[in-house]
Asker: 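A single structure is presented below for examination.
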Amino acid sequence: MRDACVTICDRRVMRDRRGRGNDATTCLFKLFCLRTSMSTQKTPKTPSRRRVRSEAKTPLTPSLLSAFNTVSIDSPIKRATSTSIPLSDAFQRQASGGVIRKGGVESRLDVVTLDYVPPPKSTEVKRSRSTPVINLSDRDRFITSRDHTHELPGTLDQMANPPSGSPTHTARLAAAAGVPLNRRILGYHLPPPMASSDTTLALQREFARPLYANRPGTVATSTGATTNKTRKIATQPERVLDAPGMVDDFYLNLLSWSSLNCVAVALESSTYIWKADTGAVMQMGEAPAGTYVSSVNFSNDGAFLGIGLGTGDVELWDVERGVKLRTMAGHQAQIAVLSWWQHLLSSGCGDGSVWHHDVRVPRHKVMELLGHNGEVCGLEWRKDGELIASGGNDNVVNIWDGRVGDAPIAGDAVPTGNAKWTKRNHTAAVKALAWSPWQPNLLASGGGTNDATINVWNSTTGARLHSQTTPSQITSLHFAPHKKEILSTHGYPTNAVMVWSYPSMEKVAEIRDAHDSRVLFSSVSPAGDMVVTGAGDESLKFWKIWDLPTAEKKSKISGRGEGTTKSGVLSIR
């Protein structure tokens, strides 16, 4: 049997040498024959204690040795590319199954049939570093918990605050800490909505408040005024004048106090002058039929009064004689504001233009300033006459050089001026303007209802130095002549008179509800201690705001000075 197998093996080797090449099947077949021959060979059994390793080996014949020497096994890569034996689909399936059948002889290989299977994807939600890992095995067996505590919650609130298994214990902790159960100390919330720019709702809320309710930035008192510990102001006016027919219009300027201690007030189509020293009242004429008085302003020396009309004309009156000197026409809309510097009377028109009128010459228009797209309702010359500031209904503040004008363009009769600075920080009409008497380069401006902000500008550099928000629209501003303070008057909803310190912009005092209607007009006395206010409630009120310096107080004792008033209630008729 052994010889037959060897002979078959030798024949198969010779056949492979002729043309079929080497294959793993041939080698396996040889090994199978060798194993069969060794199993069939009878060898005498030797006791295990005398048996040696050499005795267990089976001797090889010369033909088998020569067959092993001539057999070479190629690498799997070469075998895959070999074209000596065609590979059929059935053969590949057999090889992958671990059993190779060749010529009726089977041999099983150690083929791994179970491939690597990745674990199923975890349903765990990605957590942040601040979220603790919940391990069931680490739970304390002495703390009661429910089965659903380890489940992933669906919201951030549930993730941060898992339900507690002891409601009474949680309630005791909340009571001891003073924290409501439905409120988290550190919680995630959406950002608050943006504030609306519409102030209608805020105004309605203010109107709905009780008459003496607290308003923003104020402290409730029984007297209706607030002052600090170091400053006291009178909460009641020194004098009240009846002013029937006063127009309730934010854009007009119907009140002026001259250096000769005379107060001019416009009531519909008439203009009156009240002399504070004597209490006498004098009418300065009537406006033409079909129009009204829109602005009044005294000259620097108090000798002349400028009156602006709704038709666009500007009248010039002699105060002492009560005579109209001239009418300067040219504007096409109402004159809402007037301002003087020496012989120049500047007028702000509803068409956005500012004209300089030289009252000494027949051709009165000497310069035109164009820089507003809306009605000019604020206009103020600086004391030295070098700069003039204007504010308009287009929310713009312009600072002009009053000394220099461009050459007239072809077709123009007068030169025009360009603004030195243009400020667009306000969000409402700018009517309130004031230059500082003790620091000439400071200009204060105040905005209307949608702005209600006081801005202080440096006219030299153009920088905004301070900005102070107030509770309501600003109708007028004044720097105190002898103190570093700013006075502001306000409309709805406070109808107040406020005093601010400078440069801290802290509120020194406030007179709430100074009038029954919004405080639209104001002016400071020549002495600098009194302020007169006018409102739509058809009344004028005089307030004692500042104290006079010591030197001026002594002069008041020796004789009558400027700015003194009498107590009582008078009427302008």
Asker: Is the backbone N or O of S539 less than 3.5 Å from a side-chain atom of D242, with the two atoms forming a donor-acceptor pair by type?
Answerer: no
Asker: Only pairs under 3.5 Å count here: list side-chain donor-acceptor contacts from residues 243-251, not counting sequence neighbours, and write none if there are none.
Answerer:
unit_1, atom_1, unit_2, atom_2, d
D248, OD1, R518, NE, 3.2
D249, OD1, Y251, N, 3.1
Y251, OH, N393, OD1, 3.0

Asker: Centres of the F479 and W438 rings: under 6.0 Å?
Answerer: yes
Asker: Could you state the interatomic distance from CG (N495) to NE2 (H490), rounded to the nearest 0.5 Å?
Answerer: 10.5 Å
Asker: Salt bridge (Lys or Arg N to Asp or Glu O under 4.0 Å) between K544 and E238: does it pass, once the steps are laid out?
Answerer: CA-CA 7 Å; K544 181 73 172 180; E238 295 284 331; over 6 Å; no
Asker: What's the separation between atom CG in L370 and atom OG in S353, rounded to the nearest 0.5 Å?
Answerer: 6.5 Å
Asker: Is the backbone N or O of A336 less than 3.5 Å from a side-chain atom of N253, with the two atoms forming a donor-acceptor pair by type?
Answerer: yes
Asker: With rounding to the nearest 0.5 angstrom, report the OG1 to OH distance, T475 to Y492.
Answerer: 12.0 Å
Asker: Could you tell me whether a side-chain N or O of R382 sits under 3.5 Å from a main-chain N or O of P440, the two making a donor and an acceptor?
Answerer: yes
Asker: Side chains of T453 and S467: donor-acceptor distance under 3.5 Å anywhere?
Answerer: no
Asker: From S259 OG over to F298 CZ, what is the distance, rounded to the nearest 0.5 angstrom?
Answerer: 9.0 Å
Asker: Check the orientation of W543 and H515. Use parallel for under 30°, tilted for 30 to 60°, and perpendicular for over 60°.
Answerer: perpendicular
Asker: Does a side chain donor of either N458 or N441 reach within less than 3.5 Å of an acceptor in the other side chain?
Answerer: yes
Asker: Counting N and O atoms only, with roles assigned by atom type, does the side chain of E320 sit under 3.5 Å from a partner on the main chain of D318, one being a donor and the other an acceptor?
Answerer: no
Asker: Going by the side chain to side chain contact (heavy atoms under 4.5 Å, CB included) test, name the single residue among I474, N450, D451 that passes it with H426.
Answerer: D451
Asker: Taking 4.0 angstrom as the limit, do D277 and K275 come out as a salt bridge?
Answerer: no
Asker: Atom CD of residue position Q332 - does it have more than 12 heavy atoms of other residues, nucleotides or ligands inside 6.0 Å?
Answerer: no
Asker: With sequence neighbours excluded, give me every side-chain hydrogen bond (donor to acceptor under 3.5 Å, both in side chains) pair touching residues 336-345.
Answerer: H343-R360
Asker: Is the backbone of P362 close enough, under 3.5 Å, to the side chain of R326 for a donor and an acceptor to pair up by distance?
Answerer: yes
Asker: Regarding W457 and S445, do their side chains bring together a donor and an acceptor under 3.5 Å, going by distance alone?
Answerer: yes
Asker: Determine whether the aromatic ring centres of H482 and W546 lie less than 6.0 Å apart.
Answerer: no
Asker: Looking at OG of S522 and CG of L477, how far apart are the two atoms once the value is rounded to the nearest 0.5 Å?
Answerer: 8.0 Å
Asker: With distance as the sole criterion, is a donor-acceptor pair present between the side chains of E506 and S501 under 3.5 Å?
Answerer: no
Asker: Are the side chain of T449 and the backbone of Q473 linked by a donor-acceptor contact shorter than 3.5 Å?
Answerer: no
Asker: Is there a donor-acceptor contact under 3.5 Å from the side chain of W500 to the main chain of L487?
Answerer: no
Asker: Working to the nearest 0.5 angstrom, can you tell me the gap between T271 OG1 and M282 CE?
Answerer: 11.0 Å
Asker: Give the ring-plane orientation class for H356 versus W381, where under 30° counts as parallel, over 60° as perpendicular and anything between as tilted.
Answerer: tilted
Asker: Tell me if a side-chain donor or acceptor on N398 pairs with a main-chain N or O of S390 at a distance below 3.5 Å.
Answerer: no
